[in-house]
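The structure appears right after this line, and notes come after that.
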Protein chains: 2
Amino acid sequence: MKMDGRKQQVLMAIIQDFIATAEPVGSRTIARKYKLGVSPATIRNEMADLEEMGLIEQPHTSAGRIPSDLGYRYYVDNLMQRGELTKDEEDIIKNGYESKLKDVGHVIQGTGDMLSQLTNYAAVVMTAQRGRTAFKHIQLIQMSEGQAMVVVVTETGAVHHRIIDIPESITAGDLETISGVLNRKLQGRAMEDIRLTLMKEIYFELAKQKQILNKAMDLINEGLTLEAEDKIYLGGVFNILNQPEFHNVEKVKTLLSLLEQEKLLHKLMSEVFDAGGITVRIGGELSNEKMQECSLVIGTYGLGDEPMGSIGVLGPTRMDYTRVVTVVEHMTRNLSLVMHRLITGRNR
Amino acid sequence: MKMDGRKQQVLMAIIQDFIATAEPVGSRTIARKYKLGVSPATIRNEMADLEEMGLIEQPHTSAGRIPSDLGYRYYVDNLMQRGELTKDEEDIIKNGYESKLKDVGHVIQGTGDMLSQLTNYAAVVMTAQRGRTAFKHIQLIQMSEGQAMVVVVTETGAVHHRIIDIPESITAGDLETISGVLNRKLQGRAMEDIRLTLMKEIYFELAKQKQILNKAMDLINEGLTLEAEDKIYLGGVFNILNQPEFHNVEKVKTLLSLLEQEKLLHKLMSEVFDAGGITVRIGGELSNEKMQECSLVIGTYGLGDEPMGSIGVLGPTRMDYTRVVTVVEHMTRNLSLVMHRLITGRNR
DNA sequence: TGTTAGCACTCACACTACTTGAGTGCTAAA
DNA sequence: TTTAGCACTCAAGTAGTGTGAGTGCTAACA
């Protein structure tokens, strides 16, 4: 069976109508609403063909057709054309970032909020800086006998902190010294460099405080890799309650429990991490079987061709792909710009 | 109409059964399950009386009775007796805190998680330190021309940070100087004192950097009052999906949208802030009309008789008050202890 | 005087049968 | 190849019916 122009038109009509109404689409509806210039009977014949090709299916005999995962796939790959954002929406993004330019935490959170607001689905934002962020400042602060707080600030404005145990013999003065040396030596370096080249040098200078130094280095590593790299921000999760496919509380519960698992999200988002551009995962294409009724649109942002993280929109398979892909594309572009500004010049 | 022992027994049976089953309770059920030694007919007479007193009501003619808000109120005030936690549960709390003792952020979050885990309802934790927390450390870090990050650490281990604009004439060295002076002068003081007594002194010493100093002071204030004071942590919100009264997605949506409003929660929690002990707000007693189907159990924690914040459990009016009150009571006691350790000695 | 058995009554809920209408597939004619 | 016509299917809504849990009332009983 080969795909001709009219079949495409019919498939497109079915998908668009189903996305809009969430109801199975009948031949009559298509003939009436989408003016293909043929009768319902002809459309029925085409639909029979499309069904045979696996692009659409029937919930039950006397219902209309709904798109299958494969149908959505064909639509996304071949039929869908990118849309444009309205002036207003462009402004929302611009203003949204303008006010949050100060540190990476706000930028990430703002991105998630805007994504969900613009699409009305749930948003997932993942940062994965992979050690490329530059170190800015470290401070060791004595909290009590045997305890100190380590605060690490990165070039992007992320602040990581943790309380660590230290030998009781170490004084506030020692901590100040260590902070000073670390700051001097690590100034402006990227994490990768810190690990590989500087350790020995600093060890030498601070031989006395080896133990505490170890812990500080651990935190820098953690701070700039683990915490920053795998951080996942969720936004607008409750938007899914507005989708008719989630009017059943049980489904909501299973989906929410899935979203609580950072690992799972991380896996889903990472599967396409190196792909670049926009990726669409539809229903069964998502590796998790409990997510068969969802689709995920993922975009990667970064500096040049070096990826820094990805952003995604999660909704029902019946999501408005045109709009979501458009929004995700815009947001990745904007986010890349903002991150560039944040990491390099901060030129404002 | 006066309340006698048997009426109390009947009311108690109705409430306990309804809490357990969420189904209206009939006279027959009570006679069978709760061995009052009288026939259903007698119980019916008692129930008629209780209904007249406004303590129970009938959803429709041929259904059993359910407790009214007033009925729950009577139960909570007069009939309910505090329960005990099992050894296991006590251990959960102990261990939970043991691993989070390091900074106030983890303690607060851990409290919320434990509260919701132990009760299976939603948990609200509010900190309101009111400037009593002591200042620990401040650091000004130059991020770029005209921008600096202010990091403030409190005695409790809370870290607040913000990027501020500074005059371009100020150098990294200036910032270091300012940090030094501030640290020396503010060491160990409580926020209240800082505001009132030290400002002039420091102003004098740092007359040159007045402008940046102003901003730094603002952040200290914010950091130690606003951000810390009004911070609200929510835990286990999705537990409400397990309650049969929230099997309706619309209700879930309205409740969730209410919980997103920090102001509203703050108001609810603050209404009883100075009361001390445990407060129970049932249905219509909550000032918000969209929360008529919910109850809120609030406890206040703090040092001695000085309140530091409150913790609450939010569930349907049909919540298990005995259990929730018991848990909240335990948690406030434990939390107060932990905060004491955190603020004073850190003796471990 | 309080308690209880008996009974008529109410009403949500489950079940059934029936109708409706949207939609299909097939066939034959244009 | 397209389309009109028609028989067929099936979910969903509607109406009618029983069932049972529960009540209130009354009269008898301890």
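Naming convention: chains lettered A, B, ... in sequence-line order (proteins, then strands); numbering from 1 in each chain. Note that the structure is a prediction, hence the values are computed from the model and not measured.
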- Query: Mind checking what makes salt bridge (charged side-chain N to carboxylate O under 4.0 Å, His left out) contact with B:Glu250, not counting sequence neighbours?
  - Reply: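 Salt bridge (charged side-chain N to carboxylate O under 4.0 Å, His left out) check on B:Glu250 returns B:Lys253.
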Phosphate OP1/OP2 of [N]: any [X] side-chain N/O under 4.0 Å:
X       : N      : result
A:Arg44 : D:dC6  : no
B:Ser27 : D:dT23 : yes
B:Arg6  : C:dG2  : no
B:Thr42 : C:dT3  : no

Between the OG1 atom in B:Thr119 and the CG atom in B:Leu314, the distance rounded to the nearest 0.5 Å is 10.0 Å
- Task: Look up atom OH in B:Tyr321 and atom CZ in B:Arg73, then write down how far apart they are to the nearest 0.5 Å.
- Result: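 Taking OH in B:Tyr321 and CZ in B:Arg73, the distance rounds to 8.5 Å.
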Just by distance, with hydrogens left out, do B:Ser287 and B:Glu271 show a side-chain donor and acceptor under 3.5 Å apart?
yes
request  = For the residue pair A:Asp320 and A:Tyr121, confirm or rule out a side-chain donor-acceptor distance under 3.5 Å.
outcome  = no
(Q) Would you call the rings of A:Phe238 and B:Phe238 parallel, tilted or perpendicular, taking 30° and 60° as the class edges? (A) perpendicular
Between the protein and nucleotides 7-10 of chain D, list every N/O to N/O distance that falls short of 3.5 Å.
residue, atom, partner, partner atom, Å
D:dC10, OP1, A:Thr61, OG1, 3.3
D:dC10, O4', A:Ser62, OG, 3.2
D:dC10, O2, A:Ser62, OG, 3.0

Of the listed D:dA4, C:dG25, D:dG24, the closest approach to the B:Arg65 side chain comes from D:dG24
Test for a donor-acceptor pair under 3.5 Å between the base of D:dG22 and the side chain of B:Arg28, counting only N and O atoms.
no
Looking across every strand, which nucleic acid part, if any, lies under 4.0 Å from A:Ala63 by heavy atom: base, sugar-phosphate, or nothing?
sugar-phosphate
When rounded to whole Å, the CD1 to P distance for the pair A:Ile56 and C:dT24 reads 9 Å
Euclidean distance, atom CE of residue B:Met47 to atom P of D:dA21 [Å, nearest integer]: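 The answer, rounded to whole Å, is 15 Å.
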